[in-house]
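As a basis for the values below, the full set of heavy atoms in this structure was taken, side chains included, without hydrogen atoms, waters or symmetry mates. All values derive from a computational prediction rather than experimental measurement.
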Amino acid sequence: VDVMVGNAGINPFYGSMLDIPDEAYDKIMSTNEKSNHWLVQMVAPDMIARSGGSIMVTASTGAFSPSLTLGTYNISKLAVIALVRNLAAELGPHHIRVNAICPGLIRTDFAQALWDNPAAKARAEQQIPLRRLGEADDFKGVAVFLASGASIYMTGQAVTVCGGSDMWS
């Protein structure tokens with residue numbers, strides 16, 4: 001394995017953290033953070049043996065701010081960034097780069113509830129400097145860059161792909 005992309009993400013709960021059942025909290029944290037930890041544990045030994053590699057893990061711009069309805073999801077994605085930074089420190093001496101990709105609002109099935117409402121979609125587009133929602137294809141260049149030697153001196157970073165919506169975070 002030369003390149004690993006961990007792209008786990010779920011959110012089965014929408015509401016106050018005061019109301020989240022333990023089962024939903026555990027599912028969010030296990031899927032969004034722990035599964036990436038396990039995946040890295042599986043591929044890192046081979047990368048260490050070869051003295052190189054690139055690891056990318058999908059976080060979210062949600063990691064940069066609180067939310068009254070997506071709090072646990074945001075916490076899980078901030079934990080992903082912490083995981084990435086710690087792994088970057090641990091694996092850096094083995095010439096392995098570890099970075100997070102932080103999407104903003106992207107038109108995917110996962111985020112459909114956030115863009116399917118025409119009024120909410122219009123409001124979101126007005127708040128995004130590029131005046132549109134992101135598309136899955138908007139990540140191709142970042143992923144190729146982080147996988148390639150062009151990013152050879154880049155590790156422990158949380159790269160946002162958000163149309164400018166989180167440029168001040």
Side-chain angles (χ1 to χ4, degrees), residues 1 3-15 17 20 24-25 27-40 43 53-88 96-148 150-151 154-169:
V1 176
V3 176
M4 184 211 98
V5 179
N7 190 33
I10 62 161
N11 185 54
F13 181 80
Y14 186 83
M17 290 189 61
I20 190 170
Y25 184 92
K27 186 173 185 175
I28 292 168
M29 296 304 286
S30 291
T31 302
N32 296 358
E33 191 278 329
K34 190 188 291 184
S35 66
N36 285 301
H37 170 70
W38 288 343
L39 185 57
V40 171
V43 302
S54 176
I55 295 171
M56 292 166 258
V57 182
T58 302
S60 170
T61 57
F64 306 131
S65 60
S67 172
L68 299 178
T69 54
L70 297 172
T72 305
Y73 175 80
N74 288 0
I75 290 167
S76 75
K77 293 304 186 169
L78 186 56
V80 165
I81 293 171
L83 173 71
V84 160
R85 289 179 175 166
N86 204 80
L87 289 169
I96 300 166
R97 302 178 321 277
V98 187
N99 293 288
I101 299 175
C102 301
L105 183 52
I106 309 301
R107 191 187 332 260
T108 62
D109 291 344
F110 178 79
Q112 186 169 358
L114 301 174
W115 59 263
D116 204 19
N117 176 309
K121 179 178 179 263
R123 187 171 45 254
E125 289 174 334
Q126 270 307 111
Q127 294 171 349
I128 298 170
L130 290 181
R131 298 295 190 260
R132 69 175 180 86
L133 303 180
E135 301 289 342
D137 280 353
D138 294 333
F139 293 87
K140 292 187 294 192
V142 171
V144 169
F145 168 71
L146 290 174
S148 77
S151 65
M154 188 173 174
T155 195
Q157 302 305 304
V159 181
T160 59
V161 181
C162 62
S165 64
D166 286 84
M167 69 177 97
W168 296 284
S169 296

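Under the 3.5 Å distance criterion, the side-chain polar atoms of Glu125 are left unmatched by any main-chain donor or acceptor of Arg123. In this structure, the side chain of Asn7 does not engage the main chain of Thr58 through any donor-acceptor pair within 3.5 Å. Here the side chain of Ser148 pairs a donor or acceptor atom with the backbone of Phe145 at under 3.5 angstrom. Counting only distance, with no hydrogens or angles, the side chain of Asn74 and the backbone of Gly71 share no donor-acceptor pair below 3.5 Å. Panel note: side chain Thr155, backbone Ala88; no donor-acceptor pair is recorded below 3.5 Å. Distance alone, capped at 3.5 Å, is enough to place a donor-acceptor pair between the Asn99 side chain and the Gln157 backbone.
Partner of Asp166 under the side chain to side chain contact (heavy atoms under 4.5 Å, CB included) criterion, chosen from Thr61, Val161, Ile128: Thr61.
Distance check, rounded to the nearest 0.5 Å: CE of Met29 to NZ of Lys77 gives 10.5 Å. If you take OH on Tyr73 and CG on Leu78, they are separated by 12.0 Å, rounding to the nearest 0.5 Å. Here the NZ atom belonging to Lys27 is positioned 10.5 Å from the CG atom belonging to Asn11, to the nearest 0.5 angstrom.
Considering only heavy atoms from C-beta on, Gln127 stays 4.5 Å or farther from Leu105 through its side chain. Side-chain contact check for Ile20 versus Ile28: some heavy-atom pair is nearer than 4.5 Å. Between Ile55 and Ile96, some side-chain heavy-atom pair lies under the 4.5 Å cut-off. Using a 4.5 Å cut-off on side-chain heavy atoms (C-beta onward), Met56 and Val84 make no contact.
Ala8 and Thr31 make their closest contact through CB-O, 3.2 Å (heavy atoms, listed as atom of the first residue, atom of the second, distance). Nearest heavy atom pair, residue Leu83 against residue His37, reads CD2-N, 3.8 Å. Residues Phe64 and Cys102 approach most closely at CZ-SG, 3.9 Å, considering heavy atoms. Taking each heavy atom of Ile101 and Leu146 in turn, the nearest pair found is CG1-CD1, 3.8 Å. Ser35 and Asn32 get closest at one heavy-atom pair: OG-N, 4.5 Å. Here the closest heavy-atom approach between residue Ser76 and residue Glu33 is recorded as O-CB, 4.3 Å.
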